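Each remark here refers to the structure printed beneath this line.
Keep in mind it's a predicted model, so treat the numbers as computed, not measured. First the proteins, then the strands, lettered A, B, ... as listed; each starts at 1.
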There are 2 protein chains.
Amino acid sequence: MSPQSDPSPSANASASGKSSSKRAKDAIPDIVIGRLPIYLRTLQLLAEEGREVTSSQELGERLGISSAQIRKDLSHFGEFGKQGTGYNIPYLIRQLEKILHVDRLWPVVLVGAGSLGRAIANYQGFESRGFRIAAVFDEDPAKVGEAVGALTIEEASQIPQRVQELGAQIGIIAVPVHAAQRVADTLIQAGIRGILCYAPITLKVPEYVRVEYIDPLIHLQHMTYYLGQANGETGGA
Amino acid sequence: MSPQSDPSPSANASASGKSSSKRAKDAIPDIVIGRLPIYLRTLQLLAEEGREVTSSQELGERLGISSAQIRKDLSHFGEFGKQGTGYNIPYLIRQLEKILHVDRLWPVVLVGAGSLGRAIANYQGFESRGFRIAAVFDEDPAKVGEAVGALTIEEASQIPQRVQELGAQIGIIAVPVHAAQRVADTLIQAGIRGILCYAPITLKVPEYVRVEYIDPLIHLQHMTYYLGQANGETGGA
DNA sequence: GAGAGTTTGTGATAAAATCCACGAAGTCGA
DNA sequence: TCGACTTCGTGGATTTTATCACAAACTCTC
């Protein structure tokens with residue numbers, strides 16, 4: 001959740017949030033969808049270790065999830081395993097990539113070129129997982145023209161045109177909290193349908209826009225509830 | 001969320017995860033705890049706007065959560081509102097800070113001084129929300145001695161001693177995935193009880209350690225399920 | 001190729017989370 | 001003071017999520 005990863009009503013958190021989404025009654029639960037990327041990530045790790053097959057039990061132990069849950073989650077989408085053997089890892093990876101629509105490269109625009117924005121732009125893990133940072137914007141004219149990795153910081157005023165050109169449907173917001181809603185409005189106006197928001201605020205967006213949140217403070221505060229304190233409070237183990 | 005913000009069984013969430021935590025049967029549900037930081041964040045935003053009171057309805061609209069849910073969540077901890085009026089914002093903020101144990105400053109150690117680690121170290125929002133980055137470590141000897149904001153990067157070998165000195169109970173992991181488990185083991189050995197992990201991996205930790213995850217890819221992939229595609233797939237609105 | 005051992009997929013059941021709706025408490029204006 | 005309105009806190013119904021447990025399918029050894 002959320003906590004970004006908000007447990008927001010809709011999109012969260014993962015400290016994040018989840019989006020409601022009232023779809024057809026036979027729609028697959030959002031909470032199930034939320035676990036698929038975790039399965040995928042774990043499978044890719046196993047694949048890198050050279051493994052060929054795994055089981056719901058092994059996966060479950062690795063993730064701290066029951067094997068039944070994993071089987072039931074996957075069963076929403078088809079039958080991917082084989083009794084007595086388990087799951088073929090490369091095959092299941094391909095299936096999950098298809099289900100999550102990351103069997104392609106999504107161009108993503110990033111707004112905000114402070115230290116967080118630059119860290120995101122420099123992250124090398126996106127490309128192999130379905131995403132490419134295609135442009136970086138900042139509202140500060142002083143930053144425009146600077147290089148960030150292979151990209152050049154562009155003026156925020158260029159967002160509508162560039163989103164169009166790039167065919168981007170996803171935007172990442174890495175600006176200070178006071179600018180976040182304004183940037184979100186701009187992105188949505190430009191045609192963006194999914195937003196990953198690093199600013200500590202719940203955005204107001206049309207229902208057709210999916211927002212996910214990342215806010216480390218939400219996670220830290222969730223944690224401190226359990227860490228309790230020397231003063232003998234509850235909430236601890 | 002688990003994702004991280006994992007929706008893990010226990011701790012993860014969110015694109016993060018959540019930790020199980022089998023506590024007394026009268027324990028407050030983890031999912032409720034997960035929403036408290038979001039309430040707190042929103043109340044602080046309202047306070048900065050100069051507001052004195054709010055209602056469960058207003059809060060709910062702002063967050064996309066039902067007002068009943070907010071009232072029920074808060075009712076686990078006491079009666080903070082007044083009929084006909086709502087909640088006094090400064091008062092409720094203080095109560096939530098107490099409940100979440102952020103009515104103090106938690107020293108946090110950060111491991112990893114790449115661009116992500118530096119972005120975290122430079123973030124100015126921690127101090128006013130209960131946390132202070134007290135030390136930064138990196139395994140790369142070439143980085144040791146460099147300045148990051150007001151801090152100096154220290155050798156990873158110093159972790160045990162420094163965690164002791166600082167009395168830190170929380171660690172943030174911002175290292176590449178292949179180093180994450182090793183760093184986690186070191187931190188736990190040093191006495192850390194809560195970890196915020198930015199590496200895309202589910203850590204193996206003793207049950208008394210609380211782990212929260214942040215992984216933007218988890219959120220992006222969750223999102224693309226719904227963004228569907230031109231090729232007429234399901235999963236969309 | 002028979003038998004012991006795995007592992008999946010899934011109905012049925014149990015547990016958890018959310019929502020509904022209402023009594024009680026409080027506000028406000030005249 | 002009274003009546004119309006607002007809002008909380010909460011028991012209980014409803015909906016959602018997770019777990020259980022088992023038949024069927026498959027593997028592997030001898």
Side-chain angles (χ1 to χ4, degrees), chain A residues 1-2 7-10 12 17-36 38-39 52-61 63-89 91-92 95, chain B residues 1-3 6-10 12-13 17-36 39 52-61 63-89 91-92 95:
Chain A
M1 6 53 15
S2 198
S8 312
S10 333
N12 116 134
K18 266 109 198 202
S19 247
S20 15
S21 317
K22 284 103 174 202
R23 300 206 165 73
K25 52 211 72 169
D26 62 341
I28 292 153
D30 183 68
I31 195 158
V32 171
I33 307 303
R35 282 189 291 261
L36 299 184
I38 298 175
Y39 299 162
E52 273 292 320
V53 297
T54 186
S55 64
S56 60
Q57 180 168 20
E58 180 183 35
L59 232 36
E61 279 167 12
L63 291 170
I65 292 182
S66 80
S67 60
Q69 171 124 82
I70 291 172
R71 291 198 302 277
K72 181 149 276 193
D73 284 351
L74 295 176
S75 76
H76 283 100
F77 303 94
E79 309 197 352
F80 305 120
K82 193 192 286 186
Q83 283 99 327
T85 305
Y87 300 93
N88 177 281
I89 293 175
Y91 175 73
L92 186 50
Q95 297 308 307
Chain B
M1 209 192 124
S2 139
D6 279 23
S8 311
S10 331
N12 162 73
K18 269 109 196 207
S19 247
S20 13
S21 315
K22 283 106 174 199
R23 299 202 167 76
K25 52 210 73 168
D26 60 343
I28 292 153
D30 184 68
I31 196 162
V32 171
I33 306 303
R35 281 189 294 261
L36 299 184
Y39 300 161
E52 272 292 319
V53 297
T54 186
S55 65
S56 60
Q57 180 168 19
E58 180 183 33
L59 232 35
E61 280 167 10
L63 291 171
I65 292 181
S66 80
S67 61
Q69 172 124 82
I70 291 172
R71 292 197 301 279
K72 182 150 276 196
D73 283 352
L74 295 176
S75 77
H76 282 101
F77 303 94
E79 308 197 354
F80 305 120
K82 192 193 284 184
Q83 282 100 329
T85 306
Y87 300 94
N88 177 281
I89 294 175
Y91 175 73
L92 186 51
Q95 297 308 307

How many Å lie between [atom1] on [X] and [atom2] on [N], as a whole number?
X     : N      : atom1 : atom2 : value
A:I31 : C:dA17 : CD1   : C1'   : 10 Å
B:E61 : D:dT7  : CD    : P     : 10 Å
B:Q69 : D:dA13 : CD    : P     : 20 Å
A:H76 : D:dA18 : NE2   : P     : 10 Å
A:N88 : D:dT27 : CG    : P     : 13 Å
B:R71 : C:dA17 : CZ    : C1'   : 16 Å
B:Q57 : C:dC19 : CD    : C1'   : 15 Å
A:D73 : D:dT16 : CG    : C1'   : 13 Å

Using a distance-only test with no angle check, is there a side-chain donor-acceptor pair under 3.5 angstrom linking A:S75 and A:R71?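 Judged by distance alone, the side chains do not pair up.
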
To the nearest 10°, let me know how far the axis at one end of the helix from C:dG1-D:dC30 to C:dA30-D:dT1 is tilted from the axis at the other, five pairs an end.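 Here the helix ends are tilted 30° relative to one another.
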
Go through D:dT19, D:dC8, C:dG26 for me and flag the one nearest to the B:T85 side chain.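 For B:T85, the side-chain atoms sit closest to C:dG26.
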
Of the candidate nucleotides D:dT10, C:dA17, C:dG9, which contains the atom at the shortest distance from the side chain of A:S75?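 In terms of side-chain proximity for A:S75, the closest of D:dT10, C:dA17, C:dG9 is C:dG9.
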
Nearest heavy atom decides the nucleotide; on that basis, is A:Q83 or B:L74 closer to the 5' end of DNA chain D?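 The residue mapped nearer the 5' terminus is B:L74.
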
Non-hydrogen side-chain atoms of B:D73 and B:I65 separated by less than 4.5 Å: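 Sidechains of B:I65 and B:D73: no contact.
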
Distance from [X] atom [atom1] to [Y] atom [atom2], nearest 0.5 Å?
X     : Y     : atom1 : atom2 : result
A:I31 : A:L36 : CD1   : CG    : 11.5 Å
A:L74 : A:L92 : CG    : CG    : 6.0 Å
B:E61 : B:S56 : CD    : OG    : 10.0 Å
B:K72 : B:I70 : NZ    : CD1   : 14.0 Å

Would one find a side-chain N or O of [X] under 4.0 angstrom from OP1 or OP2 of [N]?
X     : N      : answer
A:S66 : D:dA18 : no
A:S56 : C:dT7  : no
A:R35 : D:dA18 : yes
A:Y87 : C:dG9  : yes

Shortest non-hydrogen separation from B:V53 to B:T85 and the atoms involved: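 Heavy atoms of B:V53 and B:T85 come nearest at CG1-CG2, 4.4 Å.
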
If you assign A:S67 and B:K72 each to the DNA chain C nucleotide with the nearest heavy atom, which residue ends up on the more 5' nucleotide?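 Result: A:S67.
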
